[in-house]
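Single-structure report; data block below.
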Amino acid sequence: MLAAVLGLTGYAALVGNDSDSRVQHSGVASTSSPAAPPTTTAPQLTPTYSAPPTWTEPERWLAAPKGSRKAASGRETGFPATADGAIGMMVAASAISVEGSDTLANQQLVVYSTYMLPADQSPMAEAKVRQGAERADAGIRRALGLPSTGPLPSGAFMRTTMIGFRPIQVTPTQVAAYVLVYVTNKGGEMVPEQTVYTMGILAAVWQDGDWKLSGQATKSAIAQADQKPPIAAPGDAAFNAAGWTAIRQAS
């Protein structure tokens, strides 16, 4: 269950998450690529989704709250004790940016230590997070034609951004939602970007004055969730039809 929680906080499309779905495309928005199988560690490029040429304004928007303080890791914490605050934490936890000498394993471990419920943390769990991230990093590097080790070349990066959500359960102390994440990979200055939309479930509980990701809450949310919403980018009419809420980062 730890993988199900952390899968969306650093490359769900590539780490593997039994509760998620994926749509990838490469190059510009009108060029599309794959839905990868749940356990893959590298993108599979086949057309599946193309963003429509015309923009349809999302019907629902949320200015996701930011945290009021910083953890020792430098990540935002201290989110409001509201459902919007829980979503704000999920946005922060889903944000990954790997470039230069940084690694996906390092980013995932920072997310794990900052946002995972303390009761869900253990040396064994930490080792699984590291191993999963290292496998995903190796798969991404192979897919991008990059060296298997060493710093990423100039212009190369791996990034994720949460761009939408649909609530599953909302109480004063627990919030679960389908979340939609946008992933971008780039192999170098002159290499076209590869992008991925990935969808899954995250759940947060309010504990000790902040929101934390919870494996047990996520397991419960998966058990009670209704039919998965289809993946659709903000600006696509299907985004509204599926009940997604688009995210703006609060200033």
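Basis for what follows: all heavy atoms, side chains included, without hydrogens, waters or symmetry-related copies.
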>> Using only atom types and a distance under 3.5 Å, with no angle test, would you say the side chain of Gln169 pairs donor to acceptor with the backbone of Gln174?
In response: no
> Any donor-acceptor pair under 3.5 Å linking the side chain of Thr160 with the backbone of Ile96?
Replying inline: yes
> What are the two closest non-hydrogen atoms of Gly74 and Lys70, and how far apart are they?
Replying inline: O-CD, 3.2 Å
> If we only count heavy atoms from C-beta on, is the Lys212 to Met116 side-chain gap below 4.5 Å?
Replying inline: no
> Do Tyr197 and Ile163 touch side chain to side chain, with heavy atoms closer than 4.5 Å?
Replying inline: yes
> Does Trp244 reach the main-chain N or O of Ile231 with its side chain, forming a donor-acceptor pair under 3.5 Å?
Replying inline: no
> Can you hop from Val205 to Ile168 via hydrophobic side chains spaced under 4.5 Å?
Replying inline: no
> Which atom pair, heavy atoms only, marks the closest approach of Ala64 to Ile247?
Replying inline: CB-CG2, 3.9 Å
> Taking C-beta and beyond as the side chain, do Leu202 and Ser94 meet within less than 4.5 Å on heavy atoms?
Replying inline: yes
>> Is it the case that the side chain of Ser73 and the backbone of Val110 share a donor-acceptor pair, with hydrogens and angles ignored and the cut-off at 3.5 Å?
In response: no
>> Classify the ring geometry of Trp206 against Trp211: parallel below 30°, tilted from 30° to 60°, perpendicular beyond 60°.
In response: perpendicular
> How long is the span from the CD atom in Glu99 to the CG atom in Leu152, to the nearest 0.5 Å?
Replying inline: 8.0 Å
>> If I compare all heavy atoms of Ala71 with all of Thr114, which pair ends up nearest, and what's the gap?
In response: CB-CG2, 4.0 Å
>> In this structure, would Val98 and Leu109 fall into the same cluster of hydrophobic residues linked by side-chain contacts under 4.5 Å?
In response: yes
> Would you say the side-chain atoms of Arg141 pair up with the backbone N or O of Pro147, donor to acceptor, closer than 3.5 Å?
Replying inline: yes
>> I need the minimum non-hydrogen distance between Ala177 and Pro167, along with the two atoms involved.
In response: CB-CA, 4.0 Å
>> Could you report the tightest heavy-atom contact between Tyr182 and Thr195, atom names first, then the distance?
In response: OH-CG2, 3.3 Å
>> Can you tell me how the ring of Tyr115 sits relative to the ring of Phe79, calling it parallel under 30°, perpendicular over 60° and tilted otherwise?
In response: tilted
> Under 4.5 Å between any side-chain heavy atoms of Asp120 and Tyr112, yes or no?
Replying inline: no
> Any side-chain heavy atom of Asp137 within less than 4.5 Å of one from Met158?
Replying inline: yes
>> For a side chain to side chain contact (heavy atoms under 4.5 Å, CB included) check, start with the C-alpha distance between Phe157 and Glu193, then their side-chain angles and the critical distance, and finish with the verdict.
In response: CA-CA 9 Å; Phe157 57 77; Glu193 290 184 358; 3.6 Å; yes
>> Is the shortest side-chain heavy-atom distance between Asn240 and Pro58 below 4.5 Å?
In response: yes
> Between the main-chain N or O of Ala242 and the side-chain N or O of Arg166, is there a donor-acceptor pair closer than 3.5 Å?
Replying inline: yes
> How many angstroms lie between atom CG of Leu62 and atom CZ of Phe165, to the nearest 0.5 angstrom?
Replying inline: 4.5 Å
> Is the side chain of Arg75 donor-acceptor paired with the backbone N or O of Ala92 at a distance under 3.5 Å, no angle test?
Replying inline: yes
>> Evaluate Leu144 against Val191 for side chain to side chain contact (heavy atoms under 4.5 Å, CB included), listing each step before the verdict.
In response: CA-CA 9 Å; Leu144 297 177; Val191 180; 5.7 Å; no
>> Any heavy-atom pair between the side chains of Asp210 and Arg69 that's under 4.5 Å?
In response: yes
> Do Ile87 and Leu117 share a hydrophobic cluster (ILVMFWY, side-chain heavy atoms under 4.5 Å, transitive)?
Replying inline: no
>> Are Val170 and Met89 connected into the same hydrophobic cluster when the rule is that any two of I, L, V, M, F, W, Y join if their side-chain heavy atoms are below 4.5 Å apart?
In response: yes
>> Counting C-beta onward and ignoring hydrogens, is there a side-chain heavy-atom pair between Leu213 and Thr218 closer than 4.5 Å?
In response: no
> Hey, is the main chain of Glu189 close enough, under 3.5 Å, to the side chain of Lys186 for a donor-acceptor pair?
Replying inline: yes
